[in-house]
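Shown next, in structure tokens, is the structure this report addresses.
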Amino acid sequence: MHMNKEIDINKAVDLIEDGMTIMVGGFLGCGNPHRLIDKLVEKGTKDLTLICNDSSFPDFGVGKLIVNKQIKKLIASHVGTNPETGRQMNAGEMEVILVPQGTLAEQVRAGGAGLGGFLTPTGVGTVVEEGKQKIEIKGIEYLLELPLKADVALIAGEAVDTYGNIVYFGATRNFNELMATAADIVIVEAEEVKQVGELDANDVVTPGIFVTYIVNGGAI
Amino acid sequence: MHMNKEIDINKAVDLIEDGMTIMVGGFLGCGNPHRLIDKLVEKGTKDLTLICNDSSFPDFGVGKLIVNKQIKKLIASHVGTNPETGRQMNAGEMEVILVPQGTLAEQVRAGGAGLGGFLTPTGVGTVVEEGKQKIEIKGIEYLLELPLKADVALIAGEAVDTYGNIVYFGATRNFNELMATAADIVIVEAEEVKQVGELDANDVVTPGIFVTYIVNGGAI
Amino acid sequence: MDRNEIKQFIAKRIGRLLHDGDVVNLGIGLPTMVANYLPEGANIFLQSENGFIMVGPAPLKEDEDMRIVNAGGQCVTILPGGVFFNSATSFGIIRGGHVDMTVLGALQVDEKGNLANWMIPGKMVPGMGGAMDLVTGAKKVTIAMEHTAKGAKKILKECTLPLTAAGQVDYIVTEMGFMEVTKDGIVLREINPEFTVEQVQDATEATLIIPEDIKEMGV
Amino acid sequence: MDRNEIKQFIAKRIGRLLHDGDVVNLGIGLPTMVANYLPEGANIFLQSENGFIMVGPAPLKEDEDMRIVNAGGQCVTILPGGVFFNSATSFGIIRGGHVDMTVLGALQVDEKGNLANWMIPGKMVPGMGGAMDLVTGAKKVTIAMEHTAKGAKKILKECTLPLTAAGQVDYIVTEMGFMEVTKDGIVLREINPEFTVEQVQDATEATLIIPEDIKEMGV
């Protein structure tokens, strides 16, 4: 059973419950797990906290979750491409926490890697430092940033074997590789499902031990 | 010129000067850049600070640098396989700083990634915490560990293109990928030098922008 | 110069700041145009913070692959020798000082090298994206922008908008001149001969330092 | 039981602690022998902290590849579905709680779950290698060892040697019994029928908690 993690997309998305925190890989829609997102829009699961690099566009990828008002709180680095995000933010309908992109990536990585936090020079002297501990190391000031974790991560993979080993293609990798390490349940949408042994042990990017379930997306 | 980073092994190793800090990839010799090390032994460069996972065996890989008394200070996670390390350490001839392996890996990564430090639970309640700042996050104690950098990193790569893009094989990757990001001068010993474009952009592990020089080791 | 000519003029001058082997990150908009003016014969490695290096030109419509987009979300290509990586590696490259220059636009920049380019309170809050990391981490930070915005000054004594980063800007390139931010203030290194020093100063709130050997801003 | 039988006995019992799908890291020496007693039909993913998952058996001499070695430096193989990664990723897996169980030897272990297995001051200072991370990060920590060392007790009220980690040990498996470290102390869950409870307690400095339903240590 552990050895074939394929699951029906409905069952997969049903694992996401109202109020959960989800991470979704992707950058302006590139590398979003589009089928999982569409199914989540269909289910209408609500009050979600969404951790994603951005809120994409209103009609593309994670942007649809915003338009469908399923997100209670958004943690992202950039929301400028989705006017509905700005509208809900300004209207007080959705809480938005803006984080520098490198810090967001590192927070997710730290969550997956069991680190209690890290020191970054990014954001020092800006509003980003508000409420954060500042630590000086060898004369340079850093912000102590804390890890992020999620209940469920939705990941887009290119080729995925039935153990969950993932190979990405092109710029779709972005946050997917990191988020696959940082959630209790990790669901990967595979463009192509491979048999175990078909992927080269040197080329696999995400080891299958991180992956809970695989949804076979089929070739676009 | 930048586009072909190949250099003679003598010129490469001459970049290492007495008293410098060097990082050397590898784990018990597996993934050590053996030809670069042998050349460094031949040169006799001394008073080096060596950052390496371990001190290998007396007659294998970095262990030879210890036996040849070129190391003033060693930062490693394990030295039990090289009796000469223990002898020099006990005789006060060489300073040895022992670091948990995961912390050492993360310190090197932090050095390359511009982080000021990170919080790890590893070492809390042990001698490793001596002299370090302890920070509590959500009721859990962590040690603040600082980044490591080096003047020169010696890296072992499997296939390397002339831009310095590196693909590793098997368990040789270990610290090589991390150290390639964390030194002013990065010298990679390539089992095989490839032309630009021969390596798949999705499979390259170390982007060539980190690499300063390539030494063509030729197939073993 | 019309606005397009102004942009080309600025992009061209910035192109001359780059050297063979440089790793460069170009922001969206005007900065992206610098890619058209890279020094001849030099190999410049363009980084895209969403996860790859050696960004190539846009493909033909029929060759577009939605899996290879730049940080602006537009389909691009990757040149031979390019590499894809994840966002943590990408920002490790940026924050770790492995990017030689980043070129970005600005809402405001000041004589202390402070930059504001990510939000206007109450109006526009798109988020900082990768800009804070880029400005903090890149070895050199170059601002590419029109000297004023509809007459309003943008080069100030002190930024009034929320900062992107404090004290990180190295160069400011506008249609009026090429400026360097030093610890003494902003030095007008080169001036566009279409303008006088007085005109440049009038369009600038910060007091410009005018060196004796001020040069003509050639492109 | 001779020493080899003792080791097999311990390794067999630990094998029964593992479940289908578990990610497991086995230390060198006795712990490595657990690989010979994995539950039948279960897929256990053995991790090697030097950088891969799905460690396979040692290859034939002629098939040895020096590029595929385990954390003890010995040539091994990687099974289909295995993956190589760098040391930061490897310890991210370990420290991040993605390893279900680590099995290690001990010099000393105590009733608070403290472990000492990396140095004897003035004598042996091999270094902690990956042990501190493994003991801190793995979900379950199992100690595999002979109950005493040449008659000297190893299961103590309080460790006297420098610690590897504080309060992290979950299970202790020896030739005498299978013990669980709880917040009340060490519970002797199973006893090898070759010994009496008194004999086990006599070989143990810590006061063992003996449950009413103590079981026979089957293998």
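Just so you know, these numbers come straight off a predicted model, no measurement behind them. Sequence lines set the chain letters: A, B, ... in the order given, protein chains first and strands last, and positions in each chain run from 1.
- The parts of C:Ser87 that come within reach of chain A are both its backbone and its side chain, each placing non-hydrogen atoms under 4.5 angstrom from that chain.
- Among C:Gly129, C:Gly127, C:Ala166, the residue making the largest number of heavy-atom pairs under 4.5 Å with chain A is C:Gly129.
- Proximity to chain A is limited to the side chain of C:Arg95, based on heavy atoms less than 4.5 angstrom apart.
- Taking a cutoff of 4.0 Å between a charged side-chain nitrogen and a carboxylate oxygen, C:Glu146 and C:Arg3 qualify as a salt bridge.
- C:Lys154 and C:Glu205 are not joined by a salt bridge, as no carboxylate oxygen comes within less than 4.0 angstrom of a charged side-chain nitrogen.
- Ranked by heavy-atom pairs under 4.5 Å with chain C, the first of A:Cys30, A:Ala76, A:Gly31, A:Ser55 is A:Cys30.
- A cation-pi arrangement is not found for C:Arg189 relative to C:Phe178, the charged atom failing to lie both closer than 6.0 Å to the ring centre and inside a 45° cone about the ring normal.
- Chosen from C:Thr136, C:Val135, C:Asp133, C:Val69, the residue pairing most often with chain A at heavy-atom distances under 4.5 Å is C:Asp133.
- The heavy-atom pair separating A:Ile137 from A:Tyr142 by the smallest distance is CB-CE1, 3.8 Å.
- Within the 4.5 angstrom heavy-atom criterion, atoms from both the backbone and the side chain of C:Ala71 approach chain A.
- With a threshold of 4.5 angstrom between heavy atoms, C:Ser48 does not approach chain A through any atom at all.
- Under the 4.0 Å criterion applied to side-chain N and carboxylate O atoms, A:Glu189 and A:Arg35 are assigned as salt-bridge partners.
- Contact check on A:Lys132 versus A:Glu145 returns a salt bridge, with a Lys/Arg side-chain nitrogen under 4.0 Å from an Asp/Glu carboxylate oxygen.
- C:Asn114 does not touch chain A: none of its heavy atoms, backbone or side chain, sits under 4.5 Å away.
- Under a 4.0 Å N-O distance rule, the pair A:Asp47/A:Lys72 does not qualify as a salt bridge.
- Geometric assessment of C:Arg67 against the ring of A:Phe169 yields a positive cation-pi assignment under the 6.0 Å and 45° thresholds.
- The parts of C:Ala88 that come within reach of chain A are both its backbone and its side chain, each placing non-hydrogen atoms under 4.5 angstrom from that chain.
- Both the backbone and the side chain of C:Glu49 come within contact range of chain A, each with at least one heavy atom under 4.5 Å from a heavy atom of that chain.
- Heavy-atom distances place no part of A:Ser56 under 4.5 Å from chain C, backbone and side chain included.
- Between chain C and the residues A:Tyr168, A:Phe57, A:Phe175, the most heavy-atom pairs under 4.5 angstrom are made by A:Phe175.
- When each of A:Gly125, A:Ala105, A:Pro121, A:Pro100 is scored by its heavy-atom pairs under 4.5 Å with chain C, the top score falls to A:Pro100.
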